[in-house]
Amino acid sequence: MEVNEELQILRHSTSHIMAQAVQNLFPNAKLAIGPAIENGFYYDFDIEGVTLNEDNLKDIEKEMRKLVEQNLTFEKYVIPDVQKQIDEFRAQGEIYKAELLEEHKNDNPTLYLTKDKDGNVLFNDLCAGPHLENTKKIRAFKLLSVAGAYWRGNEKNKMLQRIYATAFLTKEELNEYLTMLEEAKKRDHRKLGAALDLFSVRDEIGAGLVLWHPNLAVVREEIENYWREEHRKRGYVIVNTPQIAKSKLWELSGHIDHYKENMFFIQKENEEDDQYIVKPMNCPFHILIYQANRHSYRSLPLRMAELGTVYRKEKSGALAGLTRVQGFTQDDAHIFCTPEQLVDEINAIIDFVADTMDIFNMKFEVELSTRPESYVGELKNWELAEAGLKEAMDRRGMKYEINEGDGAFYGPKIDFKVKDAIGRTWQCATIQLDFNLPERFDIKYQDKDGQLKTPVMLHRVIFGSMERFHGILIEHYAGAFPTWLAPHQVAIVPIADRHADEAAKIANELKNKGVRVLLDDRSESMNYKIRENLQQKKIPYVLVVGDKEIEDKTVAIRARGRGQIGTKPVEEFTNALLDEIKTKGKTIVE
């Protein structure tokens, strides 16, 4: 058994023990669902008159440990009379279990019974399993938090209380995970965003719509500069497209049929007016640019890229800082190629992703997502698309997981999940293969044999969205951006007022060479200003200017995280700093 599967069974079994503990402490608690999730498990409860808090979680944990120590067994029980069981659940007030059982009454539903050493049934829960044989392996668990959750995720239903928790096979693994959670709290991009004056989200504008403050706008500008430079090097053309389009475009693309609930509609003034929609995707516009000219096999592949801002409706409860928003800019690209060019183009994109993530010192894992239940296009094209993606990865010997049924409605995809500095994974780059849209828009190229043929289309992002990627970067670096990205790269601190003019002169020299400089000539102590600039503002370098430095035409250098690194002539420091910026940190000032 793989560790992931073993962990999932452990966590699911532990969720049942948690439910049992909750009902022991709160006999009126009604049970909803309690699945294992990526990093743990949760369980939803309806507890009339009780709002769970931190103290309750401690009590529930204590009760769970008592149950575990009894070495209870889990036993599968096939329900012989489903209707009778439904009636029994309803009589007990277990309305959620009754509803679920009603839905699955034709699926040979089962209960899992928790029994003591004498065979007495202490608890039962509607569940398909599998579970542990007994509670012996439940050694390392922790209840983490309580949140509200609508029954079945529908805001029209009752709000339940969801307890999030986790469990591991060993206490060491649990402690490592809890340490990581504590570190993640310190790195929370929403807290750092306020502390470092990076971004804000205001009610006056709307949830999930981000204001980029000057400090983070600088970081974005540097990343966009890299993006444009690399795309031109790699043979892309850069385009710009409108923010809105008539509904007929989205009908033709299929988005109206498959994506309507996520789209923003512009209200019509009159019935005869055309309906306009704020764009949720850039792809139909790029297809129209392709259509504007004739193409032969000699002009392909055509690689078209855009930093295109799109808008997608999200439930307010799902929005979070920069990582889940309603308006965002995709570093979007669409590649039109012949079937023969497909595998090489996919490999070129994988190289682009690998080169980019290396700059940020991020490793990544890869997942292939296949055809979903709701898909468009012909099955044979889906099979060809999936085979093409697999061939590209197999050819370069890449390891990848298959995520069945999680492709986009128009094509399968490769997802890149990057690992940050504390080991968390984030969804960023994606490659999606699309046979559908080229056929819907009837785009063609003339092949070697003179025949008009339909090109293959690749959808591709490297960062995913600028908002999400910057949220990831803030947490990856804990707000301490590398010098090439830092909003201020250098702070200059004169020791006394008489040194201010020389400090300003050095600041101007650096600014003229493109360095982002903060001149800190406030009437605070030198040590306070050094500490604030390095530790609170997280500026990479502080230069101290006093009598000796002015006399020797030098600066005393402090580096963030490294302390004093000595005294250098201004020109020598400047050259070393510019080299660090140019190489994106492959060389550093020493």
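Count residues from 1 along the sequence. Heavy atoms only: backbone and side chains are in, while hydrogens, waters and symmetry mates are out.
Salt-bridge check for Lys313 with Glu261: failed, with every basic side-chain N at 4.0 Å or more from each acidic carboxylate O. Contact check on Lys279 versus Glu306 returns a salt bridge, with a Lys/Arg side-chain nitrogen under 4.0 Å from an Asp/Glu carboxylate oxygen. With respect to Lys248 and Glu251, no salt bridge is recorded, no charged nitrogen being found less than 4.0 Å from a carboxylate O. A salt bridge between Asp351 and Arg396 is present, with a side-chain N of the basic residue lying under 4.0 Å from a carboxylate O of the acidic one. Between Asp406 and Arg371 there is no salt bridge, since none of the side-chain N atoms of the basic residue sits less than 4.0 Å from a carboxylate O of the acidic one. Ionic pairing of Glu183 and Arg187 is present here: one or more N-O contacts between side-chain nitrogen and carboxylate oxygen are shorter than 4.0 angstrom. Under a 4.0 Å N-O distance rule, the pair Asp415/Lys413 qualifies as a salt bridge. For Glu222 and Arg516, the salt-bridge test passes: some basic side-chain N is under 4.0 Å from an acidic carboxylate O. For the pair Arg11 and Glu5, the salt-bridge criterion is not met [side-chain N within less than 4.0 Å of a carboxylate O]. One finds no salt bridge joining Lys380 and Glu383 here, because no Lys/Arg side-chain nitrogen approaches an Asp/Glu carboxylate oxygen to under 4.0 Å. One finds no salt bridge joining Glu580 and Lys586 here, because no Lys/Arg side-chain nitrogen approaches an Asp/Glu carboxylate oxygen to under 4.0 Å. Between Lys390 and Asp394, no side-chain nitrogen of the basic residue sits less than 4.0 Å from a carboxylate oxygen of the acidic one, so the salt-bridge criterion is not met.
In this structure a side-chain-to-backbone donor-acceptor pair under 3.5 Å is present from Gln326 to Glu314. A donor-acceptor contact shorter than 3.5 Å links the side chain of His476 to the backbone of Ala421. For Gln243 (side chain) and Val310 (main-chain N/O), no donor-acceptor pair under 3.5 Å exists by modelled atom type. Formation of a donor-acceptor pair under 3.5 Å by the Glu367 side chain with backbone atoms of Tyr400 is not found in this model. In this structure, the side chain of Asp420 engages the main chain of Ile422 through a donor-acceptor pair within 3.5 Å. A donor-acceptor contact shorter than 3.5 Å links the side chain of Arg468 to the backbone of Thr323. Under the 3.5 Å distance criterion, the side-chain polar atoms of His470 are left unmatched by any main-chain donor or acceptor of Leu216. No side-chain donor-acceptor contact under 3.5 Å links Asn403 to the backbone of Ser369.
Residue Glu204 qualifies as enclosed at atom CD: its count of foreign heavy atoms under 6.0 Å is above 12. Counting heavy atoms of neighbouring residues, nucleotides and ligands inside a 6.0 Å radius, atom CG of Asn361 does not exceed 12 of them. Counting heavy atoms of neighbouring residues, nucleotides and ligands inside a 6.0 Å radius, atom CD of Glu102 exceeds 12 of them. Few gaps surround CD on Glu103; more than 12 heavy atoms of other groups in view lie less than 6.0 Å from it. No more than 12 heavy-atom neighbours from other residues, nucleotides or ligands sit within 6.0 angstrom of NZ on Lys417.
Residues Phe41 and His12 place their aromatic rings such that the two centres sit no closer than 6.0 Å.
The side-chain heavy atoms of Phe481 and Pro487, taken from C-beta on, include a pair separated by under 4.5 Å. Counting heavy atoms from C-beta outward, Leu196 and Asn215 have side chains that stay 4.5 Å or more apart. Glu467 has its side chain within reach of Thr329: a pair of non-hydrogen atoms, C-beta onward, lies under 4.5 Å apart. Between Asp344 and Gln341 the shortest side-chain heavy-atom distance does not fall below 4.5 Å. Proximity of Met466 to Arg220: side-chain heavy atoms (C-beta onward) are separated by under 4.5 Å at one or more points. Taking the side chain as every heavy atom from C-beta outward, Phe199 and His189 approach each other to under 4.5 Å. By the 4.5 Å heavy-atom criterion applied to side chains, Ile349 and Ile414 are not counted as neighbours. When side chains are defined from C-beta on, Thr338 does not count as touching Val456, because their heavy atoms never get closer than 4.5 Å.
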Item to check | Full working for side-chain hydrogen bond (donor to acceptor under 3.5 Å, both in side chains) between Ser200 and His213 | outcome: CA-CA 7 Å; Ser200 59; His213 294 198; 2.8 Å; yes

Item to check | Test side-chain hydrogen bond (donor to acceptor under 3.5 Å, both in side chains) applied to Tyr259 and Ser253, step by step | outcome: CA-CA 10 Å; Tyr259 209 71; Ser253 69; over 6 Å; no

Next on the checklist: Before you tell me yes or no, could you show the steps for Trp250 and Phe264 under ring-ring contact (aromatic ring centres under 6.0 Å, His included), namely the whole-Å CA-CA distance, both residues' side-chain angles and the distance that decides it to 0.1 Å?
Outcome noted: CA-CA 12 Å; Trp250 308 106; Phe264 287 98; over 10 Å; no

Next on the checklist: Assess the residue pair His295 and Phe336 against the criterion (ring-ring contact (aromatic ring centres under 6.0 Å, His included)); give the C-alpha distance rounded to whole Å, side-chain angles, the decisive distance to 0.1 Å, and a yes or no.
Outcome noted: CA-CA 10 Å; His295 298 275; Phe336 304 89; 7.7 Å; no

Item to check | Working for side-chain hydrogen bond (donor to acceptor under 3.5 Å, both in side chains), residues Glu365 and Thr425 | outcome: CA-CA 8 Å; Glu365 298 170 349; Thr425 57; 5.5 Å; no

Next on the checklist: For a side-chain hydrogen bond (donor to acceptor under 3.5 Å, both in side chains) check, start with the C-alpha distance between Thr454 and Glu439, then their side-chain angles and the critical distance, and finish with the verdict.
Outcome noted: CA-CA 7 Å; Thr454 303; Glu439 289 187 351; 5.5 Å; no

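Under the 30°/60° scheme for interplanar angles, the aromatic rings of Phe168 and Tyr177 are found to be tilted. Taking the six-membered ring where the residue is Trp, Phe416 and Phe364 present perpendicular rings, their angle passing 60° and hence far from 30°. Aromatic ring orientation, Phe463 versus Phe469: tilted (interplanar angle from 30° to 60°). Classification of the His231-Trp227 ring pair by plane angle, with boundaries at 30° and 60°, yields tilted. Note on ring orientation: taking the six-membered ring where Trp is involved, the planes of Phe360 and Trp484 are tilted (angle from 30° to 60°).
Screening residues 419-456 for ring pair (Phe, Tyr, Trp, His ring centres under 6.0 Å), with sequence neighbours left out, gives no hits.
One distance of note links CG of Asn347 with CZ of Phe352; it measures 15.0 Å at 0.5 Å rounding. The distance from the CD1 atom of Ile443 to the CG atom of Leu452 is 12.5 Å, given to the nearest 0.5 Å. We find the NZ-CG distance between Lys584 and Asp358 to be 12.0 Å, quoted to the nearest 0.5 Å. Between the CG atom in Asp442 and the CG atom in Leu252 there is a gap of 9.5 Å [rounded to 0.5 Å]. The distance from the SG atom of Cys428 to the CG atom of Asp331 is 9.5 Å, given to the nearest 0.5 Å. The line from CD of Glu6 to CD of Gln8 is 12.0 Å long, rounded to the nearest 0.5 Å.
For Lys453, the salt bridge (Lys or Arg N to Asp or Glu O under 4.0 Å) partners are Asp447, Asp449, not counting sequence neighbours. Residues passing the salt bridge (Lys or Arg N to Asp or Glu O under 4.0 Å) test with Lys260, sequence neighbours excluded: none.
Both cation-pi conditions hold for Arg162 and Tyr42: the charged atom is under 6.0 angstrom from the six-membered ring centre and inside a 45 degree cone around its axis.
For the residue pair Thr483/Gln489, the side-chain donor-acceptor check at 3.5 Å is not satisfied.
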